[in-house]
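Each chain gets a letter, A, B and so on, in the order its sequence line appears, and its residues count up from 1.
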Protein chains: 2
Amino acid sequence: MNKADLVTEVHRLLGEGSSRAAAERASNSVLRAIKRGLKKDGEVHLVGFGTFFISQRSARNGYNPHTRQPMRIPAIKLIRFKASSNLRAAR
Amino acid sequence: MNKADLVTEVHRLLGEGSSRAAAERASNSVLRAIKRGLKKDGEVHLVGFGTFFISQRSARNGYNPHTRQPMRIPAIKLIRFKASSNLRAAR
DNA sequence: CAGTCACCAGATCGGCCTTGTTCATACGGT
DNA sequence: ACCGTATGAACAAGGCCGATCTGGTGACTG
């Protein structure tokens with residue numbers, strides 16, 4: 001499913017009274033809001049859907065897949081997602 | 001960040017012309033659309049945000065952390081999320 | 001149509017995942 | 001605005017899944 005398909009689905013869910021442009025604005029707004037929430041609190045908790053959260057990963061040893069030379073992968077912050085039981089049942 | 005806070009943020013992003021109820025409907029619609037996309041295609045690809053996808057995990061051996069007894073963890077479908085580079089930079 | 005974004009490969013080690021109960025908290029209806 | 005309900009987080013230990021590196025190609029976006 002693409003972003004365009006998502007907008008189409010949002011449009012359907014919003015009902016006849018809304019335009020496609022409104023559905024697109026809604027999609028972008030929600031995604032940006034999640035992004036800002038992550039940036040601000042480091043965690044976005046959505047009951048009935050799932051939780052986005054930032055987990056810290058320490059530095060470790062890795063490889064350059066092209067040259068196969070060993071290299072040090074620095075510590076990074078990883079954005080992860082835990083689906084709620086509700087979302088899991090919807091698969 | 002809670003769902004209520006997310007709705008508040010969406011409301012701000014949608015602008016003055018929209019009501020809070022509209023922001024709430026928008027949030028729910030987008031989340032439901034993602035859920036339906038996952039159910040339908042097993043994958044929701046959102047450029048500039050990330051990708052939700054269902055990964056099949058085969059059965060494996062594990063432990064019951066309560067009783068420490070070895071147990072067989074059955075194969076399940078797990079909903080995972082891979083953040084795009086854009087989202088990663090926004091942390 | 002042009003530019004940007006994500007996926008692919010192989011190898012390795014670190015961190016997640018499992019169960020079950022209790023408790024806290026968030027949701028949404030009245 | 002408040003309260004009841006229901007959802008999810010934490011915690012234990014150990015094995016196994018997957019995230020990560022680079023660079024080019026392909027698909028999608030606007």
Side-chain angles (χ1 to χ4, degrees), chain A residues 1-8 20-21 23-25 27-28 31-32 35 37 41-90, chain B residues 1-8 10 20-21 23-25 27-28 31-32 35 37 41-91:
Chain A
M1 175 187 242
N2 282 342
K3 191 170 188 178
D5 300 331
L6 179 82
V7 171
T8 301
R20 181 167 228 280
E24 193 169 339
R25 265 186 319 220
S27 308
N28 289 330
L31 295 182
R32 286 203 309 193
K35 192 183 294 187
D41 298 343
E43 194 176 272
V44 176
H45 195 79
L46 302 174
V47 173
F49 187 78
T51 304
F52 298 88
F53 58 99
I54 295 179
S55 71
Q56 177 69 265
R57 298 191 63 173
S58 54
R60 60 192 185 88
N61 297 321
Y63 287 83
N64 183 328
H66 279 306
T67 64
R68 295 190 185 179
Q69 281 188 354
M71 60 173 293
R72 185 74 173 171
I73 300 175
I76 59 172
K77 291 182 190 299
L78 176 65
I79 297 176
R80 300 193 67 253
F81 175 74
K82 181 186 186 304
S84 73
S85 57
N86 184 310
L87 181 61
R88 241 174 265 185
Chain B
M1 176 187 243
N2 283 343
K3 191 171 187 178
D5 299 330
L6 179 82
V7 171
T8 301
V10 170
R20 182 168 227 280
E24 193 169 340
R25 266 185 321 220
S27 307
N28 289 330
L31 295 183
R32 286 203 310 192
K35 193 183 296 188
D41 298 344
E43 193 176 271
V44 177
H45 196 79
L46 302 174
V47 173
F49 186 77
T51 304
F52 298 89
F53 59 99
I54 295 179
S55 72
Q56 177 69 268
R57 297 186 59 175
S58 53
R60 60 192 182 91
N61 296 321
Y63 287 81
N64 183 332
H66 210 43
T67 62
R68 295 188 188 179
Q69 281 187 353
M71 60 170 292
R72 186 73 173 173
I73 300 175
I76 58 172
K77 292 181 189 297
L78 179 64
I79 296 176
R80 304 191 66 254
F81 175 74
K82 180 186 186 305
S84 73
S85 58
N86 185 310
L87 181 61
R88 241 174 269 184
R91 56 174 158 73

Closest approach to the side chain of [X], judged atom by atom: which nucleotide of [options] is it?
{"X": "B:M71", "options": "C:dT19, D:dG18, D:dG14", "result": "C:dT19"}
{"X": "A:S55", "options": "D:dA12, C:dC16, C:dT12", "result": "C:dC16"}
{"X": "A:P65", "options": "C:dG10, C:dG14, C:dG28", "result": "C:dG10"}
{"X": "A:S58", "options": "C:dA6, D:dC16, C:dG15", "result": "C:dG15"}
{"X": "B:R88", "options": "D:dC17, D:dT20, D:dA13", "result": "D:dT20"}
{"X": "B:T51", "options": "C:dC7, C:dA11, D:dC17", "result": "C:dC7"}

**Asked** So which heavy atom on A:N86 is nearest to which on B:K35, and how close?
**Response**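 Scanning both residues, the minimum pair turns out to be OD1-NZ, 3.0 Å.
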**Prompt:** DNA chain D: A:G50 or A:A4, which has the more 5' nearest nucleotide?
**Reply:**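 Its nearest nucleotide being more 5', the pick is A:G50.
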**Asked** 5'-most contact on DNA chain D: A:N64 or A:F49, nearest heavy atom basis?
**Response**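 Whichever sits nearer the 5' end wins; that is A:F49.
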**Asked** Want to settle it: does B:K3 or B:V47 sit nearer the 5' end of DNA chain C, counting the closest nucleotide to each?
**Response**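 Taking each residue's closest nucleotide, the earlier one in sequence belongs to B:V47.
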**First encountered from the 5' end of DNA chain C, between B:Y63 and A:Q56** =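 Result: A:Q56.
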Please state how far atom [atom1] in [X] lies from atom [atom2] in [N], giving the value in whole angstrom units.
{"X": "A:F81", "N": "D:dA9", "atom1": "CZ", "atom2": "P", "answer": "11 Å"}
{"X": "A:R68", "N": "D:dT22", "atom1": "CZ", "atom2": "C1'", "answer": "14 Å"}
{"X": "B:N2", "N": "C:dA24", "atom1": "CG", "atom2": "C1'", "answer": "13 Å"}
{"X": "A:L6", "N": "D:dC28", "atom1": "CG", "atom2": "P", "answer": "15 Å"}
{"X": "B:E24", "N": "C:dC27", "atom1": "CD", "atom2": "P", "answer": "10 Å"}
{"X": "A:L46", "N": "D:dT7", "atom1": "CG", "atom2": "P", "answer": "16 Å"}
{"X": "A:N86", "N": "C:dG28", "atom1": "CG", "atom2": "P", "answer": "11 Å"}
{"X": "A:R60", "N": "C:dG15", "atom1": "CZ", "atom2": "P", "answer": "9 Å"}

Within the structure, does a side-chain N or O atom of [X] lie under 4.0 Å from either OP1 or OP2 of [N]?
{"X": "A:H45", "N": "D:dA9", "value": "yes"}
{"X": "B:S84", "N": "C:dC5", "value": "no"}
{"X": "A:T67", "N": "D:dT22", "value": "no"}
{"X": "A:R72", "N": "C:dC13", "value": "no"}
{"X": "B:K82", "N": "C:dC7", "value": "yes"}

Quick check: does any side chain N or O of [X] sit under 3.5 Å from a backbone N or O of [Y], one acting as donor and the other as acceptor?
{"X": "B:R88", "Y": "B:A83", "value": "yes"}
{"X": "B:N64", "Y": "B:H66", "value": "yes"}
{"X": "A:R60", "Y": "A:I73", "value": "no"}
{"X": "B:D5", "Y": "B:N2", "value": "yes"}

**Asked** Is there a donor N/O on one and an acceptor N/O on the other, under 3.5 Å, for the side chain of A:H66 and the base of D:dT22?
**Response**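 Yes, the side chain and the base share a sub-3.5 Å donor-acceptor pair.
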**Pairing residues for B:F81 by the ring pair (Phe, Tyr, Trp, His ring centres under 6.0 Å) criterion, not counting sequence neighbours** =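 Listed in chain order: A:F52, B:F49, B:F52.
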**Request:** Would you classify B:R57 as touching base, sugar-phosphate or nothing, given that sugar-phosphate means primed atoms plus P, OP1 and OP2, and contacts are heavy atoms under 4.0 Å?
**Result:**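 Sugar-phosphate contact only - B:R57 comes under 4.0 Å of backbone atoms but never of a base.
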